[in-house]
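Each remark here refers to the structure printed beneath this line.
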Amino acid sequence: MDETIPAVRAEGLVKTFGELRAVDRVDLEVRRGQVFGVLGPNGAGKTTMLKILATLLTIDEGRAEVFGHDVRREPHVVRQLLGVTGQYASVDENLTATENLMLFARLQAVDRQTARRTAATLLEQFDLSQAANKPISAFSGGMRRRLDLAASLITRPPLIFLDEPTTGLDPRTRGQMWETIRELVANGCTVLLTTQYLDEADQLADRIAVIDHGRKVAEGTSDELKSSIGRSTLTLNLVERSEIPSAAEVAHRLVGEPPTLTPEARRLTVPLQRSDQAVDVLVTLRDHGIAIESVNVQKPSLDEVFLALTGHDTHEDDAGGRAGDGADSTTDSTSHLEIVR
Amino acid sequence: MTALTTALRDPSATLPRRVSPRATVSQTLTLAWRATMKMRRNFEQMFDVTIQPLLFTAMFAGIFGGAISGSVSDYLPIIIPGLVGQTVMTACVATGVQLREDMDKGVFDRFKVLPIARIAPLAGPMVADMLRYLIAGTLTFLTGMVIGYRPGGGVFGVVAAILFGVFAGWSLAWIFTWFGTIGRTAQGVQATSLMIMFPLTFISNAFVPTETMPSWLRAFAEVNPVSHVISALRDLANDGQVTADLGWAVLGLAVIIAIFAPLSVRSFNRKM
């Protein structure tokens, strides 16, 4: 088989539940060795899409392939190439961690010795060796999630699906999970993950598809998505409110665009063509004797990207929540949203 | 951190397009192992095949013995094989209920994405439950012997009766397995199953001779496969004989399998 055949390819994928088009003509291509992030709010159709690709749901329209194997016609082959870890731990409560891994290995005809060795290695890798012979009922949420991922890896599949791998995990466990995912990729795995966390997609994914209401609304690298909607900004807080007009004039002259003013907070937000323009602005302001209280240079965040693409943020289901719409951006938290406009 | 030494599975390798019969058997046995581990860890799930036979055997023999056969000892050859049938039926109900419970658990989601025979998660527990029928049958005979039952069929007859009881249990379990695959909750499956289990068990010759029943009940009791199973068990255990009833019982059980096995497999596959 050709090395250039992508790990996952979907064309015009459609899945309807009654009236609802849960997945609506989605195209997807995940290249080998990539971490591909599917980003979207709750109910956007991420899990449905993953389930279709994992042979768990039938395809209504379109087609999907895993390493060139048709998901509809060769489900058994697809299942042999796939490890799936869902939002909820799918391990056996009645068995110990080791027994669980042995069960899944034996079901897939891994010989007993290899299974035992791989199970031990995985438990060590996932920091579960101490709990190897404890029943799962005694496990914390994070431990279950790690064991679940270990269970997906026991046959060393070249492709892993992770459905919201860190939803509900505490920050520390979340960081461990990210580390593990990076290691998988370093070992040659291809990873397709869904997430509703922008920073997760930003941190992990080589490529991101933004999904909303079953449709793919954008795709690209994290940087591409960010630069598609905005540039970096320089936020300045002045000591004296009265100096705002002159500071604005200086900034306008240097970057060729008027800054956004927030006089109540003695703040101006300067759009930058290039990040190093920030230095020019600061030096010139000092030459003019304008005192600066604080300085911040920001790239647009994926949050802003998401808002710009879908008209709502990741944790809202409908387009009603246009968070940054108001012109009353006096508080710090809303100020950065102005960039999107 | 230790790195994994085994290589990733090669996506370019030629992989089988379907599960071979040999792999299906091996997967079924692996899942049967899982079911036995579960039995070991949740012993209260085994009460119906351990404590219940002890209790019911002593209880039913004592309650009905004098009234039906004049004395407990005369009643034992009738009631002990009858109770083997009855406890095995109770154990069958649990097969369906536990399958339903199992299907609601997270681990089933993983079975669905594994490259295994779709039937294995159903067949595994069914194979393991034969162990439960074996325990139930054996304990019923043992308890009977403790309270004075002397089976005329000898060791061979009793062993044959127990093995036939296991087969009967496995066959009848398909009815309740089907309920397990179509029911929406374990409680619902339990309720439906008991509604079927009680008439099948009690409108039979398990506890009393059918002669005194009203004709419509008697008509049912006489075609009830459970009656034939129990007659066959009695003939084996009490006389060490293979009689026509064994033939009728096997035929009845075969019909049950022929109807309920495909139904179960079909509705189970829809959920896998």
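Order of the sequence lines sets the chain letters (A, B, ...), proteins ahead of strands, with each chain counted from 1.
Using a cut-off of 4.0 Å between Lys/Arg side-chain N and Asp/Glu carboxylate O, Glu74(A) and Arg18(B) are scored as not salt-bridged. Ion pairing of Arg110(B) with Asp92(A) is absent here, as no side-chain N (NZ or NE/NH1/NH2) approaches a carboxylate O to less than 4.0 Å.
By number of non-hydrogen pairs under 4.5 angstrom with chain A, the leading residue of Ala23(B), Gly106(B), Pro115(B) is Pro115(B). Note on Arg73(A), Glu93(A), Gln108(A), Lys51(A): by heavy-atom pairs under 4.5 Å with chain B, the leading option is Gln108(A). Chain A forms more heavy-atom pairs under 4.5 Å with one residue of Thr28(B), Thr30(B), Leu29(B), Asp109(B) than with any other, namely Thr30(B). Of the residues considered (Ser152(A), Gly83(A), Cys189(A), Ala7(A)), Ser152(A) shows the highest number of contacts with chain B, using heavy-atom pairs under 4.5 Å. Most heavy-atom pairs under 4.5 Å with chain A, from the set Val107(B), Asp102(B), Leu114(B): that is Val107(B).
By the neighbour-count criterion of 12 heavy atoms within 6.0 Å, atom CZ of Arg182(A) is densely surrounded, having more than that number from other residues, nucleotides or ligands. Within 6.0 Å of the CZ atom in Arg116(A), the count of heavy atoms belonging to other residues, nucleotides or ligands does not exceed 12. Counting non-hydrogen atoms of other residues, nucleotides and ligands closer than 6.0 Å to CD of Glu44(B) gives a total above 12. No more than 12 heavy-atom neighbours from other residues, nucleotides or ligands sit within 6.0 angstrom of CZ on Arg31(A). Annotation: Lys134(A), atom NZ; neighbour count of heavy atoms from other residues, nucleotides and ligands within 6.0 Å does not exceed 12.
Considering only heavy atoms from C-beta on, Ser26(B) stays 4.5 Å or farther from Arg106(A) through its side chain. Side-chain contact between Trp33(B) and Leu103(A) is present, with at least one heavy-atom pair separated by less than 4.5 Å. Between Pro11(B) and Arg32(A), some side-chain heavy-atom pair lies under the 4.5 Å cut-off. Side-chain contact check for Met37(B) versus Asn94(A): every heavy-atom pair is 4.5 Å or farther apart.
Looking at Arg40(B), neither its backbone nor its side chain comes within 4.5 Å of chain A, counting heavy atoms on both sides. Contact of Asp127(A) with chain B is not made at all, since no heavy-atom distance falls under 4.5 Å. Heavy-atom distances place the side chain of Arg41(B), and not its backbone, under 4.5 Å from chain A. Proximity to chain B involves both the backbone and the side chain of Ala151(A), based on heavy atoms less than 4.5 angstrom apart.
Interatomic distance, Leu107(A) CG to Leu31(B) CG, rounded to the nearest 0.5 Å: 4.5 Å. Taking CZ of Phe108(B) as the reference point, atom OG of Ser90(A) lies at 12.5 Å (rounded to 0.5 Å). Here Arg79(A) contributes atom CZ and Lys112(B) contributes atom NZ; the two are 11.0 Å apart, rounded to the nearest 0.5 Å. His76(A) contributes atom NE2, which lies 10.0 Å from atom CD1 of Ile116(B) (distance to the nearest 0.5 angstrom). If you take CZ on Arg34(B) and CD on Glu99(A), they are separated by 11.5 Å, rounding to the nearest 0.5 Å. Taken from OG1 in Thr155(A) to CZ in Arg9(B), the straight-line distance is 4.5 Å, to the nearest 0.5 Å.
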key: Trace of the side chain to side chain contact (heavy atoms under 4.5 Å, CB included) decision for Leu82(A) with Val113(B)   = CA-CA 8 Å; Leu82(A) 208 57; Val113(B) 291; 5.9 Å; no

Side chain to side chain contact (heavy atoms under 4.5 Å, CB included) assessment of Leu81(A) paired with Leu15(B) = CA-CA 9 Å; Leu81(A) 295 168; Leu15(B) 296 164; 3.6 Å; yes

